[in-house]
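Within every chain, numbering begins at 1; the chains are lettered A, B, ... in the order of the sequence lines, protein sequences first and strands thereafter. Everything numeric in this text was worked out from a predicted model, so none of it was measured.
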Number of protein chains: 2
Amino acid sequence: MRLSNLADYAVVLMSAAARHCGAARLAEGRLNATKLAQETGVPLPTAKKLVSRLTAAGLFESTRGIGGGIRLARPPASISLADIVEAVEGPLAITSCTIDGNHDCLLESGCTVKPHWGVVNRTIRQALDDVSLASLSDIPSTHMSHRSSRTQTRDGDHARSVSTSLDTNGIMAG
Amino acid sequence: MRLSNLADYAVVLMSAAARHCGAARLAEGRLNATKLAQETGVPLPTAKKLVSRLTAAGLFESTRGIGGGIRLARPPASISLADIVEAVEGPLAITSCTIDGNHDCLLESGCTVKPHWGVVNRTIRQALDDVSLASLSDIPSTHMSHRSSRTQTRDGDHARSVSTSLDTNGIMAG
DNA sequence: ATAAATAAGACTAAATCAGTCTTGTTTAGA
DNA sequence: TCTAAACAAGACTGATTTAGTCTTATTTAT
């Protein structure tokens with residue numbers, strides 16, 4: 001029930017990208033994976049990989065060659081968390097049985113659980129859809145889900161582990 | 001962003017248990033992991049493991065010995081999907097930074113993303129909380145998220161792969 | 001007191017995920 | 001026109017997590 005690290009990184013990366021170029025002022029920055037990695041602290045190779053995926057998914061537009069780079073394909077307001085997560089992790093489904101065409105079910109037609117997954121799934125998707133990239137780039141705070149201050153490669157150790165006293169702004173008080 | 005197989009199995013298992021004993025008529029059935037495995041098609045060793053975890057989490061009550069078995073610790077109406085998922089997967093948090101006390105964040109205090117995870121997280125938890133075990137045991141249909149009709153062990157091959165034409169009751173039309 | 005039945009926990013194997021490296025493509029400059 | 005530098009894209013390897021199997025410990029009826 002957790003987001004993969006890759007998806008989390010992707011959100012951070014795109015959030016940074018949104019702050020930078022924002023489809024409007026595209027010629028401004030000549031943004032690329034390296035720059036994003038520097039700013040966010042995401043390891044460069046991982047950033048490159050994610051940029052690839054996000055480009056393939058149509059969230060970034062890339063230009064090759066010596067003057068190349070990337071830019072957001074759409075304005076930040078029209079990109080949601082759901083878009084990003086789905087681009088990195090694939091179809092957004094809680095259980096494999098909620099994926100279309102998956103009929104390898106062992107239970108013989110007496111399953112009482114399946115109908116409910118659809119509801120849960122829609123709710124979760126909605127929650128992710130309601131947060132746009134634009135809103136992500138506004139309020140500054142402290143976060144990133146790197147598990148540890150891992151060894152940076154020679155590509156740059158622009159990020160350092162910070163321990164702030166800001167924590168748990170409200171989780172699972174259920 | 002998918003539930004682990006184990007968590008999915010756990011839901012199916014408890015749903016079956018709810019149909020059976022239901023804390024009220026507890027003496028009725030002498031339910032145990034083996035019986036649940038038979039009825040649901042979940043592999044026996046896996047069922048045993050899950051029963052252990054669910055018992056440790058306080059959702060099942062177990063009795064050892066020759067006449068032993070398990071039963072729901074609380075009435076089905078007061079057990080939610082969130083309870084089950086949390087029992088199997090641990091704290092319900094979308095990103096590791098939403099877990100209390102996790103401060104291994106690489107980004108140096110300018111993170112604009114974190115504040116939003118709390119909202120998303122609460123929404124998701126609510127969605128899982130809104131579905132009770134009681135409601136799961138009512139409407140029959142077809143489902144289970146086993147990926148394949150895998151080779152059953154000698155313990156029993158009570159389950160067989162069924163392919164119905166029932167699909168996608170509403171996912172990610174978003 | 002013994003043996004059978006059961007839950008609990010340790011262990012092994014598989015799958016997935018994260019991260020690194022190499023290759024291919026493009027364009028500026030000589 | 002050729003060469004070299006910059007960049008994205010994709011293949012590969014290692015590590016972590018997850019799923020599944022097996023063994024051990026505990027309890028009670030006989």
Minimal non-hydrogen separation, A:H116 against B:S135, with atom names: NE2-O, 3.1 Å
Whole angstroms only, please: what is the CG-C1' distance between A:L6 and C:dG19? 9 Å
Between atom CG in B:L3 and atom C1' in D:dT18, what is the gap in whole Å? 13 Å
Do any side-chain atoms of residues 44-57 of chain A form donor-acceptor pairs under 3.5 angstrom with protein atoms, and if so which ones, sequence neighbours left out?
from, atom 1, to, atom 2, distance (Å)
A:S52, OG, A:K48, O, 3.3
A:R53, NH1, A:V88, O, 2.9
A:T55, OG1, A:V51, O, 2.6

Side chain of B:N32: nearest nucleotide among D:dA19, D:dT21, C:dA7? C:dA7
Do the side-chain N or O atoms of A:Y9 get closer than 4.0 angstrom to the phosphate oxygens (OP1, OP2) of C:dG19? yes
Distance in angstrom units between B:E61 CD and C:dA7 C1', rounded: 14 Å
What N/O pairs connect the protein and nucleotides 24-30 of chain C at under 3.5 Å? Give each pair on its own line.
from, atom 1, to, atom 2, distance (Å)
C:dT25, O4', A:R64, NH1, 2.6

Quick check on contacts: within residues 48-59 of chain A, what sits under 4.0 Å from DNA chain D by heavy-atom distance? A:S52, A:T55
Whole-Å gap separating P (C:dA14) and CG (B:N5): 17 Å
Gap between atoms CG and P, on B:L31 and C:dT6 respectively (whole Å): 11 Å
Looking at CG of A:L133 and CD1 of A:I84, how far apart are the two atoms once the value is rounded to the nearest 0.5 Å? 5.0 Å
Side-chain donor or acceptor of B:N121 paired with backbone N/O of B:I94 under 3.5 Å: yes
In whole Å, I'd like the distance from the CD1 atom of A:I70 to the P atom of D:dA6. 18 Å
What closest approach, in Å, do B:A33 and B:I70 show between heavy atoms, and which atom pair accounts for it? N-CD1, 4.2 Å
Quick check on the helix from C:dA1-D:dT30 to C:dA30-D:dT1: what's the angle between its two end axes, five base pairs per end, to the nearest 10°? 10°
Here the distance between atom P of C:dT6 and atom NZ of B:K35, to the nearest Å, is 11 Å
Under the 3.5 angstrom rule, does the side chain of B:E89 hit a backbone N or O of B:S4 as a donor-acceptor pair? yes
Listed by chain and number, what are the side chain to side chain contact (heavy atoms under 4.5 Å, CB included) partners of A:D83, not counting sequence neighbours? A:L59, A:R74, A:I79, A:S80
What contact category does B:T46 fall into here, base, sugar-phosphate, or nothing, at under 4.0 angstrom with non-hydrogen atoms? base
